[in-house]
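What follows is a single structure, written as structure tokens, with notes after it.
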Amino acid sequence: MMRVVALPAIALALGAGAPAPAPAKATAEGASITVTITNLRNADGVVRACMTTQEKTFPRCRGVAGAHAATVAARDGTVTLTFDGVKPGHYAIALLHDENENGKADRALGMMPKEGFGFSRDAKVRMGPPKFSDAVFEMGSEDQSLTIKMRYML
């Protein structure tokens, strides 16, 4: 089960200090990971999130057993989403600001990302996506919160 929450960036910009969503209680099915995604450049399209334990397929999630995927409407500034029912393990998260909602990462000249992207631990991008080992974090049985900065190259 997944819960998705969007925080209006305007409230934060005006200093309203909108509180972060209260973390969910860990359950027998697993804990929750709340991801705050910052630095979105606009409210176009959606933000797609993929969370996986599979080093060989990272950053892809489609068709990967046990992978968690989420989509949330984009907002200028910050959005928040939560993965529920997460079992303990080592995970990495990949994000895409799919501005035109075509379900893929658009590129200029076949290699330069035209849309925003981000990875857990704010793993750096060098001539392609980071390695799983650069983005991996440990999830225990307690709820967890992460912040990932969206980055744009064009």
Side-chain angles (χ1 to χ4, degrees), residues 1-27 29-54 57-62 64 66-87 89-108 112-125 128-130 132 134-140 142-154:
M1 178 172 246
M2 177 190 50
R3 181 176 70 247
V4 178
V5 180
L7 291 177
I10 192 73
L12 296 175
L14 295 175
K25 302 280 189 236
T27 67
E29 294 89 33
S32 296
I33 298 178
T34 300
V35 182
T36 302
I37 304 155
T38 64
N39 290 11
L40 276 87
R41 69 178 169 193
N42 60 49
D44 296 343
V46 297
V47 175
R48 299 183 189 279
C50 163
M51 183 173 71
T52 184
T53 60
Q54 302 299 312
T57 58
F58 180 78
R60 295 183 186 7
C61 266
R62 286 186 190 165
V64 176
H68 298 261
T71 302
V72 62
R75 296 220 183 230
D76 189 17
T78 302
V79 296
T80 300
L81 60 87
T82 300
F83 295 103
D84 288 321
V86 180
K87 306 264 188 258
H90 292 89
Y91 292 87
I93 298 173
L95 303 175
L96 170 66
H97 182 185
D98 189 1
E99 293 174 283
N100 60 4
E101 296 187 60
N102 67 351
K104 64 181 184 173
D106 294 321
R107 300 183 179 281
M112 184 75 69
K114 291 170 65 175
E115 298 173 305
F117 57 88
F119 300 95
S120 46
R121 294 184 48 204
D122 282 326
K124 303 293 183 228
V125 173
F132 182 84
D134 293 331
V136 71
F137 63 93
E138 185 173 352
M139 180 64 185
E142 299 295 319
D143 293 347
Q144 195 172 138
S145 295
L146 301 173
T147 300
I148 301 175
K149 179 181 176 181
M150 190 64 72
R151 290 182 259 162
Y152 300 87
M153 298 187 92
L154 296 177

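Please read these numbers as outputs of a predicted model, since none were measured by experiment. All values below come from the heavy atoms of this structure, side chains included, with hydrogens, waters and symmetry mates left out.
- Legend: residues meeting side chain to side chain donor-acceptor pair (under 3.5 Å) with D106, ordered by chain and number and at least two apart, are N100, N102.
- Smallest separation of non-hydrogen atoms from A67 and C61: CB-SG, 3.7 Å.
- Rounded to the nearest 0.5 angstrom, R121 CZ and I148 CD1 are separated by 11.5 Å.
- With contacts defined as side-chain heavy-atom distances shorter than 4.5 Å, the pair V35/M51 does not qualify.
- To the nearest 0.5 Å, atoms CG (L40) and OH (Y152) are separated by 4.0 Å.
- Shown here for T82 and S32, the closest heavy-atom pair between the two residues is CG2-CB, 3.9 Å.
- The ring pair (Phe, Tyr, Trp, His ring centres under 6.0 Å) test applied to F137 returns no partner, not counting sequence neighbours.
- Annotation: side chain to side chain donor-acceptor pair (under 3.5 Å) contacts of D98 (sequence neighbours excluded): R48.
- Two residues are said to be in side-chain contact when any heavy atoms from C-beta on lie closer than 4.5 Å; H90 and E138 meet this criterion.
- What you find for T147 and D122 is that their closest heavy atoms are O-OD2, 4.3 Å.
- Contacts of F117 classified as ring pair (Phe, Tyr, Trp, His ring centres under 6.0 Å), with partners at least two apart in sequence or in another chain: none.
- Counting heavy atoms from C-beta on, the side chains of V47 and M150 come closer than 4.5 Å.
- Distance check, rounded to the nearest 0.5 Å: CE of M153 to NZ of K114 gives 14.5 Å.
- When the side-chain contact (heavy atoms from CB on, under 4.5 Å) test is applied to A123, the partners found at least two apart in sequence or on another chain are F119, P130, D134, A135.
- By the side-chain contact (heavy atoms from CB on, under 4.5 Å) test, T57 is found to be paired with T52, Q54, V64, residues two or more places apart in sequence or in another chain being considered.
- Scanning for salt bridge (charged side-chain N to carboxylate O under 4.0 Å, His left out) contacts around R151 gives an empty result, with sequence neighbours left out.
- Listed here is the closest heavy atom pair of D44 and A74: O-CB, 3.3 Å.
- Atom CD1 of I33 sits about 7.5 Å away from atom NE2 of H68, to the nearest 0.5 Å.
- Between H97 and N42, the closest heavy-atom pair is CE1-OD1, 3.1 Å.
- Contacts of E99 classified as salt bridge (charged side-chain N to carboxylate O under 4.0 Å, His left out), with partners at least two apart in sequence or in another chain: R41.
- To the nearest 0.5 Å, atoms CG (L81) and CD1 (I37) are separated by 4.5 Å.
- When the shell of 6.0 Å around CZ of R107 is examined, it contains more than 12 heavy atoms from other residues, nucleotides or ligands.
- Taking CZ of F83 as the start and SG of C50 as the end, the distance is 7.5 Å to the nearest 0.5 Å.
- Residues A49 and L95 share a closest heavy-atom pair of CB-CD2, 3.6 Å.
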